[in-house]
Amino acid sequence: MHSAFDASPITPAIPITFVTKSTWSEIAETLSAPAKAFATANGFNGKPGAWLALPDAEGAIAQVLFGLDDTSAKHHDPFRAGALPGLLPAGTYRFANAPHDTRLATLAFALGSYRFGRYRDNEAPRAKLSPPDGVDIAEISRIAGAATLARDLINTPSNDMGPEELAEAAKELAARFGADFNCTTGGDLVAQNLPLIHAVGMASTRAPRLIDFSWGDPAHPKVTLVGKGVCFDTGGLDLKPSSSMLIMKKDMGGAANVLALALMIMDAKLKIRLRVLIPAVENAVAGNAFRPLDIFKSRKGATVEIGNTDAEGRLVLADALALADEEKPELLIDLGTLTGAARVALGPELPPFYTNDEELALDVARAAREQNDPLWRLPLWAPYDAWLDSKVASINNAPSGGFAGSITCALFLQRFVESATSWLHVDIYGWTPSAKPARPEGGECQAARAIYALLSQRYG
Ligand code: BES
Ligand code: MN
Ligand code: ZN
């Protein structure tokens with residue numbers, strides 16, 4: 001069970017009563033006269049996010065009131081309860097009445113308990129929740145544990161999370177579930193025909209590699225996950241300005257989320273043959289760095305002209321996708337922090353996803369809504385595919401102009417997928433720029449929860 005939960009508290013759990021502006025007067029009537037007077041004196045009226053601890057006769061906390069949005073509100077945040085761990089004093093609490101969605105509120109409580117504590121005392125919240133009746137607390141713990149993994153990997157700075165450390169984290173995860181682990185490093189990438197992964201990563205003192213692990217019954221349907229593992233993205237020689245480079249430790253967010261997703265899949269023993277591929281590289285600047293207008297032959301055979309060394313994510317994914325595609329998986333999924341354009345289009349909280357499988361698109365959109373892990377479909381707009389044409393090679397990695405940058409990136413990747421039955425690509429952000437309930441500032445588990453829900457429905 002996740003550490004935010006306490007199933008057998010020593011003292012009775014303190015009740016949390018959820019209140020909205022419209023239920024407040026009714027709930028106030030159920031309080032004792034002094035408690036009601038205390039709430040009134042404190043100006044509590046059920047405003048969303050407002051909270052109040054009511055004392056008992058000894059001055060201990062008798063109960064907590066917490067304001068939620070009215071269901072009729074224009075926007076109602078199902079993760080509102082994720083603010084509670086950061087507000088409440090140490091102790092064990094329980095839900096006295098139902099928040100709008102008990103399952104999501106319980107998950108939010110666990111997600112909101114996260115603090116990144118690797119480098120100093122993280123002052124992690126000490127408020128615990130007694131699991132509400134009827135929620136599958138093992139499942140919620142599994143999901144929250146996966147989010148912790150993704151967040152820790154992303155939040156760890158690049159000096160401690162290079163290609164080797166990322167591979168080590170993947171290896172540990174694989175070992176925990178008895179998966180077969182392989183890693184191809186440095187010059188072996190060239191020997192194994194993974195030239196784009198090598199080209200992007202060769203300028204770093206920390207050797208590039210391809211992480212590859214497989215788990216599950218080989219007779220089950222093949223599902224392959226590919227995650228962008230750029231451990232730091234300077235932009236290469238087309239160097240990023242410092243403001244854009246600042247948070248590029250998070251450029252392995254796709255890899256982190258693929259590992260989080262793999263953790264949930266393996267822990268829940270979904271009936272799939274899972275394969276995880278993570279190209280892990282550092283996009284560094286050095287004398288041997290790849291250059292603008294260099295041309296490399298990709299694994300798939302197509303030659304790629306480098307329009308911009310900062311469009312490195314699609315390069316490393318291209319070789320990994322081509323490799324994945326060779327075994328014709330039933331479902332091929334890639335996640336990566338690929339474009340600034342996706343943020344311009346939809347902002348940090350709503351990653352675009354791409355697929356030509358209509359049924360899959362509906363399932364992804366529904367799972368995203370149900371899990372409060374928002375995703376929004378954008379089109380693989382075929383007319384823009386011509387923008388990727390190069391005058392001297394099969395394809396250019398960075399079309400000039402920059403229109404529809406997330407779409408053209410998706411179209412670039414699509415050129416490397418042909419045999420998989422279905423392909424899903426998500427251009428994630430993997431980062432919460434400023435804290436919200438259940439979403440502490442920093443690395444974020446994004447798309448993994450929604451995709452896990454979808455896979456559970458299909459292969460549970
Ligand atoms: N890692 C970046 C994308 C990114 C930037 C994600 C900022 C989140 C925040 C990626 O490698 C990149 O640099 N993409 C370029 C592509 C361009 C050169 C075609 C971009 O988006 O500017
Ligand atoms: Mn880049
Ligand atoms: Zn990048």
Side-chain angles (χ1 to χ4, degrees), residues 154 158 161-163 166 196-197 199-201 203-204 208 226-258 278-285 289-294 304-320 334-352 378 384-385 387-390 395-413 415 425-434 441-444 446-447:
I154 297 171
S158 187
M161 188 51 65
L166 184 56
L196 295 178
I197 300 174
V200 171
S204 174
V226 180
K228 172 177 170 181
V230 175
C231 294
F232 195 80
D233 183 9
T234 63
L237 290 172
D238 287 357
L239 194 70
K240 285 185 183 298
S242 54
S243 58
S244 313
M245 202 191 296
L246 187 64
I247 56 170
M248 282 300 125
K249 69 172 182 179
K250 78 166 179 74
D251 215 20
M252 33 59 74
N257 275 285
V258 155
I278 295 175
V281 303
E282 179 173 7
N283 189 17
V285 178
F290 74 129
R291 310 161 192 84
L293 298 196
D294 276 356
V304 183
E305 181 185 27
I306 307 302
N308 194 313
T309 62
D310 201 7
E312 85 298 337
R314 66 195 72 181
L315 296 172
V316 298
L317 288 185
D319 273 354
D334 77 82
L335 309 180
T337 51
L338 283 152
T339 70
R343 272 65 264 173
V344 175
L346 298 173
E349 296 173 20
L350 186 60
L378 286 182
Y384 296 165
D385 187 74
W387 295 358
L388 295 163
D389 290 347
S390 160
I395 189 170
N396 188 295
N397 79 330
S400 59
F403 282 145
S406 178
I407 294 176
T408 53
C409 178
L411 291 167
F412 180 95
L413 297 175
R415 296 248 193 140
H425 158 60
V426 193
D427 193 344
I428 64 167
Y429 195 55
W431 189 262
T432 299
S434 61
E441 184 177 323
E444 190 52 295
Q446 212 171 42

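Order of appearance sets the numbers: ligands from 1, and atoms from 1 within every ligand. Numbers here are sequence positions counted from 1.
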For Thr337 and Lys228: C-alpha separation, side-chain torsions, deciding distance, then whether side chain to side chain contact (heavy atoms under 4.5 Å, CB included) applies. CA-CA 7 Å; Thr337 51; Lys228 172 177 170 181; 4.1 Å; yes
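Leu338 lies apart from the Zn ion (ligand 3) in this respect, since none of its N, O or S atoms is found at a distance under 2.8 Å. Here Asp251 fails the criterion, with no N, O or S atom under 2.8 Å of the Mn ion (ligand 2).
Atom OD2 is the N, O or S atom of Asp233 at the shortest distance from the Zn ion (ligand 3). Minimum-distance N/O/S atom of Asp233 relative to the Mn ion (ligand 2): OD2. Nearest N/O/S atom of Glu312 relative to the Mn ion (ligand 2): this is OE1. Closest to the Zn ion (ligand 3) among the N, O or S atoms of Asp251 is OD2. Atom OE2 is the N/O/S atom of Glu312 found closest to the Zn ion (ligand 3).
For atom 1 (N) of ligand 1, the closest heavy atom belonging to the protein is Asp251 OD1, 2.8 Å. Scanning the protein heavy atoms around atom 12 (C) of ligand 1, the nearest turns out to be Asp310 O, 3.1 Å. Of the protein's non-hydrogen atoms, the one nearest atom 5 (C) of ligand 1 is Met248 CE, 3.7 Å. With hydrogens left out, the protein atom closest to atom 2 (C) of ligand 1 is Asp233 OD2, 3.6 Å, a heavy atom. Nearest protein heavy-atom neighbour of atom 20 (C) of ligand 1: Gly340 N, 3.9 Å.
Not one N or O on the side chain of Ser204 forms a donor-acceptor pair closer than 3.5 Å with the backbone of Glu282. Looking only at distances, a side-chain donor or acceptor of Arg343 sits under 3.5 Å from a matching main-chain atom of Ile428.
Using a 4.5 Å heavy-atom threshold, the side chains of Val426 and Pro351 count as touching. Considering only heavy atoms from C-beta on, Glu444 stays 4.5 Å or farther from Asn257 through its side chain. In this structure the side chain of Leu293 reaches within 4.5 angstrom of the side chain of Glu305, judged on heavy atoms.
Of the inter-residue distances, the one linking Asp385 atom CG with Leu411 atom CG reads 5.5 Å to the nearest 0.5 angstrom. Atom OG of Ser390 sits about 10.0 Å away from atom CD1 of Ile306, to the nearest 0.5 Å. Here the straight-line distance linking atom CG of Asp389 with atom CG of Asn396 works out to 9.5 Å at 0.5 Å rounding.
Under 4.0 Å from ligand 1, the heavy atoms of Leu338 that appear belong solely to its backbone. Only the side chain of Arg314 comes within contact range of ligand 1, with a heavy atom under 4.0 Å; no backbone atom does. Within the 4.0 Å heavy-atom criterion, the part of Asn308 lying near ligand 1 is the side chain and not the backbone.
The shortest non-hydrogen separation linking Pro208 to Ile197 is CB-O, 3.9 Å. Taking both residues in full, the closest heavy atoms of Asp310 and Asp238 are given as CB-O, 4.2 Å, listed atom of the first, atom of the second, then distance.
The nearest protein heavy atom to atom 22 (O) of ligand 1 is not closer than 4.0 Å.
For ligand 1, the atoms lying closer than 4.0 Å to a non-hydrogen atom of Glu312 are 11 (O). Taking every heavy atom of Thr337 and a limit of under 4.0 angstrom, the matching atoms of ligand 1 come to 1 (N), 2 (C), 3 (C), 6 (C). The atoms of ligand 1 that sit less than 4.0 Å from any heavy atom of Tyr429 are 8 (C), 9 (C).
For the side chain to side chain contact (heavy atoms under 4.5 Å, CB included) test with Asp251, the passing option among Val230, Leu338, Ile154 is Val230; the others fail.
Among Lys250, Lys228, Arg343, the residue whose heavy atom sits closest to atom 8 (C) of ligand 1 is Lys250.
A cation-pi geometry, defined here as NZ or CZ lying under 6.0 Å from the six-membered ring centre and within 45° of its normal, does not hold between Lys250 and Phe232.
Ligand 1 has no N or O atom lying under 3.5 Å from any N or O atom of Ala341, backbone or side chain. Considering backbone and side-chain atoms together, Lys240 places an N or O closer than 3.5 Å to an N or O of ligand 1.
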